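The structure under discussion appears below in the form of structure tokens.
In this text, all values refer to a predicted model and were calculated from it rather than measured experimentally.
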Amino acid sequence: MDIEELEHPEKWAVETFGTAELGDLRRTDRLVKMATVIAENPSASLPGSMRNWADTRASYRFLDSASISHEQIMLPHWMQTQEEAMQHSRVLLAADTTDVNLSSHETAEGLGPIGRGNKAQGFFVHTVLAIDADSQQLLGCMYQEPFVRQPAPKGETRAQRKKRVRESQIWERSILAIGPVPDQQKWIYVGDRGSDIFTFWQRCQELGYDFVIRVAQDRRVLLDEVPEAEDPEVQRLKTLARSLPAQGGRILPVPAQRQRPARDAFVQISWQQVRIQPPVNGAVLSKTEVKVWVVRVWEPEPPDGREALEWILVTTVPILNEEDGWERVKWYKWRLLLEDFHKVLKTGCGIEVRRQQTVDAMWNLLGILTPMAMRLLWLRQTAQQAPDTPATLVVSQEVIYVVTELDRRPGVMLTANDLWRTIASFGGYLNRKCDGPPGWQTLWKGWFYIQTILQGVRLAVRCPPP
């Protein structure tokens with residue numbers, strides 16, 4: 001995406017959805033029109049975006065159409081993301097699943113349970129984001145699949161469970177949908193404990209992917225250094241990882257989470273190459289072991305009353321020294337961008353307050369809102385990268401004029417950092433010396449305000465007062 005697409009929603013909508021094959025060019029035109037007006041204010045309701053009954057009714061008819069699917073809407077964006085990923089030497093594919101809670105929308109059809117022991121209803125979304133492994137640049141959404149949870153049948157046996165489609169197979173479906181890694185490319189899946197699935201690891205290797213996965217299961221392992229002629233002792237992965245001596249240490253920023261404030265933690269790191277053995281009773285693609293490096297990061301002396309930080313990761317990307325180990329940890333931390341994406345989708349784009357009548361219509365709307373959430377996150381990244389760059393190289397002179405006039409600094413020369421902090425201040429960012437960089441919410445509110453003023457300026461030029 002370039003800044004021109006950010007400044008002009010119609011250009012962005014054409015580039016993102018203009019090649020969608022929906023069986024009728026009029027449907028593609030409708031999709032582009034819907035995306036354009038929603039992009040102007042992603043949190044507005046559909047009637048609020050369309051502004052008249054004819055377009056609102058046509059939009060509802062589009063989303064309800066049985067001839068249109070989420071996959072058809074998203075396919076152009078997936079292909080654009082793959083093409084962009086081909087231009088980067090190493091790409092992380094950060095994947096996770098979130099729930100979309102629609103419990104307040106009692107009349108919607110096709111929803112399913114999203115919690116345990118409660119009556120919450122909605123659906124789940126599994127998303128794979130592509131991120132440059134060296135710069136953290138967001139490249140787009142590589143794949144996405146919404147699904148409704150199917151409760152396990154009562155009295156189901158273990159043998160019956162193995163035969164039916166399981167929710168955890170979403171990881172394998174995603175990698176099969178993306179396909180083999182192209183020649184000369186290095187694509188690295190990054191997942192939390194939900195991706196600790198042996199068949200998924202084997203599928204990664206089969207298709208040419210590396211991975212960095214947080215450990216959930218205490219699997220059987222052999223040390224790679226043990227000669228094949230000996231009878232090696234089988235160990236447990238977590239036990240082995242926790243027995244390794246520290247090989248380095250550094251201060252690691254820990255983000256705020258669940259009412260716990262952000263803090264800096266001194267953590268240590270250790271690593272070891274191991275051979276993870278296939279599960280004895282679990283599902284496997286073949287009875288072959290998987291060679292990985294296990295990495296443990298832990299906090300030896302946590303503050304009083306705080307739970308010690310500990311991550312145990314496995315990766316197929318070789319670790320030859322301490323810097324390699326910290327890079328794998330950094331990649332795992334970068335998957336937090338997915339949590340930002342989920343916040344943008346739910347808060348910035350309001351997916352959970354939309355009122356479509358069927359789950360299929362909600363999924364079609366999701367196909368429009370997901371690239372839009374990418375657009376909002378890209379705005380934040382643009383604000384944080386190259387802060388000393390002249391603002392004239394980042395946005396148009398027209399935008400700079402409006403920003404400086406509203407900030408009562410006409411004609412001042414702005415850097416990119418000055419520009420974005422000023423824009424964010426119109427969205428509630430206080431811009432104090434102690435404040436970190438602006439987040440996507442304040443940036444988007446400020447940007448939306450600037451765009452509204454800019455529309456007024458353009459109207460005044462075209463329609464001067466008598």
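A distance-only check finds a donor-acceptor pair linking the side chain of S174 to the backbone of W171 [under 3.5 Å]. A donor-acceptor pair is defined here as one N or O able to donate and one able to accept, closer than 3.5 Å; such a pair exists between the side chain of W331 and the backbone of A133. The main-chain N or O of G350 is never found under 3.5 Å from a side-chain atom of S43 such that the two would form a donor-acceptor pair. E352 places a side-chain N or O within 3.5 Å of a backbone atom of N101 that can act as its donor or acceptor partner. A donor-acceptor distance shorter than 3.5 angstrom exists from the side chain of Q381 to the backbone of L138, with no hydrogens or angles considered. Distance alone, capped at 3.5 Å, is enough to place a donor-acceptor pair between the Q80 side chain and the E15 backbone. Panel note: side chain R328, backbone P318; a donor-acceptor pair is recorded below 3.5 Å. The closest donor-acceptor contact from the side chain of T442 to the backbone of G428 lies at 3.5 Å or more, if one exists at all. Distance alone, capped at 3.5 Å, is enough to place a donor-acceptor pair between the S195 side chain and the D192 backbone. In this structure a side-chain-to-backbone donor-acceptor pair under 3.5 Å is missing from D264 to I251.
Distance check: Q202 CD to I276 CD1 gives 11.0 Å after rounding to the nearest 0.5 Å. A distance of 12.0 Å separates NE2 in H342 from OG1 in T347, rounded to the nearest 0.5 Å. Atoms OG1 and CE, from T81 and M74 in turn, are 7.5 Å apart once rounded to the nearest 0.5 Å. To the nearest 0.5 Å, atom OG of residue S45 and atom CZ of residue R355 are 11.0 Å apart. The CD1 atom of I351 sits 11.0 Å away from atom OG1 of T98, with the distance rounded to the nearest 0.5 Å. Going from atom CG of L365 over to atom OH of Y60 covers 9.5 Å, rounded to the nearest 0.5 Å.
In this structure, a donor-acceptor pair under 3.5 Å is present between the side chains of S396 and E7. A donor and an acceptor atom, one from each side chain of T127 and Q144, are located under 3.5 Å apart. One side chain, E172 or T199, offers a donor N or O that lies under 3.5 Å from an acceptor on the other.
When all heavy atoms of L111 and H105 are compared, the closest pair comes out as CD1-O, 4.2 Å. Scanning both residues, I114 and F123, for their nearest heavy atoms gives CG2-N, 3.7 Å. Between T36 and A13 the shortest heavy-atom distance is OG1-CB, 3.2 Å. Closest heavy-atom contact between S103 and A120: OG-CA, 3.2 Å. The two residues T56 and L46 have their closest heavy-atom pair at OG1-O, 4.4 Å. Nearest heavy-atom pair, G208 versus V181, reported as atom, atom and distance to 0.1 Å: O-CG2, 3.4 Å.
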Mind running side-chain hydrogen bond (donor to acceptor under 3.5 Å, both in side chains) on D388 and T415 for me, showing each step along the way? CA-CA 5 Å; D388 296 327; T415 66; 5.4 Å; no
**Prompt:** Should I188 and T316 be marked as a side chain to side chain contact (heavy atoms under 4.5 Å, CB included) after you check the CA-CA gap, both sets of side-chain angles, and the distance that decides it?
**Reply:** CA-CA 9 Å; I188 306 155; T316 53; over 6 Å; no
After noting the C-alpha distance and the side-chain angles of W420 and W447, does the key distance pass the ring-ring contact (aromatic ring centres under 6.0 Å, His included) rule?
CA-CA 9 Å; W420 292 116; W447 180 256; 5.8 Å; yes
**OP:** Begin with the C-alpha distance, continue with both residues' side-chain angles, and end with the deciding distance and a verdict on side chain to side chain contact (heavy atoms under 4.5 Å, CB included) for L129 and W334.
**Re:** CA-CA 11 Å; L129 300 186; W334 281 357; over 6 Å; no
Between R219 and D196, is the salt bridge (charged side-chain N to carboxylate O under 4.0 Å, His left out) condition met? List the steps. CA-CA 10 Å; R219 299 184 181 277; D196 184 351; 3.0 Å; yes
- Query: Going through the checks in order, is the salt bridge (charged side-chain N to carboxylate O under 4.0 Å, His left out) test met by E40 and R375?
  - Reply: CA-CA 11 Å; E40 293 174 354; R375 186 169 177 258; over 6 Å; no
message: I269 vs V295, test: side chain to side chain contact (heavy atoms under 4.5 Å, CB included). Steps then yes/no.
response: CA-CA 7 Å; I269 189 171; V295 185; 3.9 Å; yes
Check your understanding: Is there a side-chain hydrogen bond (donor to acceptor under 3.5 Å, both in side chains) between R409 and T422 once you walk through the steps?
Key -> CA-CA 11 Å; R409 292 189 293 164; T422 304; 3.2 Å; yes
(request) Please assess L366 against L345 for the test side chain to side chain contact (heavy atoms under 4.5 Å, CB included), listing each intermediate value before the final yes or no. (result) CA-CA 9 Å; L366 172 69; L345 194 61; 3.7 Å; yes
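Under the 4.5 Å side-chain criterion, counting only non-hydrogen atoms from C-beta, R30 is not in contact with R61. Side-chain contact between W12 and F17 is present, with heavy atoms from C-beta onward closer than 4.5 Å. The shortest side-chain heavy-atom distance between L414 and V412 falls under the 4.5 Å cut-off. Y189 places a side-chain heavy atom less than 4.5 Å from the side chain of I178. Between M34 and M50, the closest side-chain pair of non-hydrogen atoms falls below 4.5 Å. Here the side chains of P279 and V284 are in contact, with some heavy-atom distance below 4.5 Å. Contact of the M86 side chain with the Q185 side chain is registered, since non-hydrogen atoms from C-beta on lie closer than 4.5 Å. With contacts defined as side-chain heavy-atom distances shorter than 4.5 Å, the pair V274/V292 qualifies.
Using the six-membered ring where Trp is involved, F147 and F124 have ring planes that are parallel, under 30° apart on the 30 and 60° scheme. Using a 30° and 60° split on the angle between ring planes, W201 and F198 fall in the tilted class, from 30° to 60°.
Annotation for L25: atom CG does not count as buried by contact number, only 12 or fewer foreign heavy atoms lying within 6.0 Å. Residue E71 places its CD atom among 12 or fewer non-hydrogen atoms of other residues, nucleotides or ligands, all under 6.0 Å distant. By the 6.0 Å contact criterion, CD on E21 is open, its count of non-hydrogen atoms from other residues, nucleotides or ligands being 12 or less. Heavy atoms from other residues, nucleotides or ligands lying under 6.0 Å from CD of Q268 number more than 12. For NZ of K343, the number of neighbouring non-hydrogen atoms (other residues, nucleotides, ligands) closer than 6.0 Å is 12 at most. Residue F266 places its CZ atom among more than 12 non-hydrogen atoms of other residues, nucleotides or ligands, all under 6.0 Å distant. Summarising the local packing, NZ of K33 is surrounded by 12 or fewer heavy atoms from other residues, nucleotides or ligands at distances under 6.0 Å.
Test K330, R90, K186 against D134 for salt bridge (charged side-chain N to carboxylate O under 4.0 Å, His left out) and you get one pass: R90.
Electrostatic pairing of E307 and R263 does not count as a salt bridge here, judged by no charged N lying under 4.0 Å from a carboxylate O.
Ring to ring, F211 and F200 are not that close: their centroids are 6.0 angstrom or more apart.
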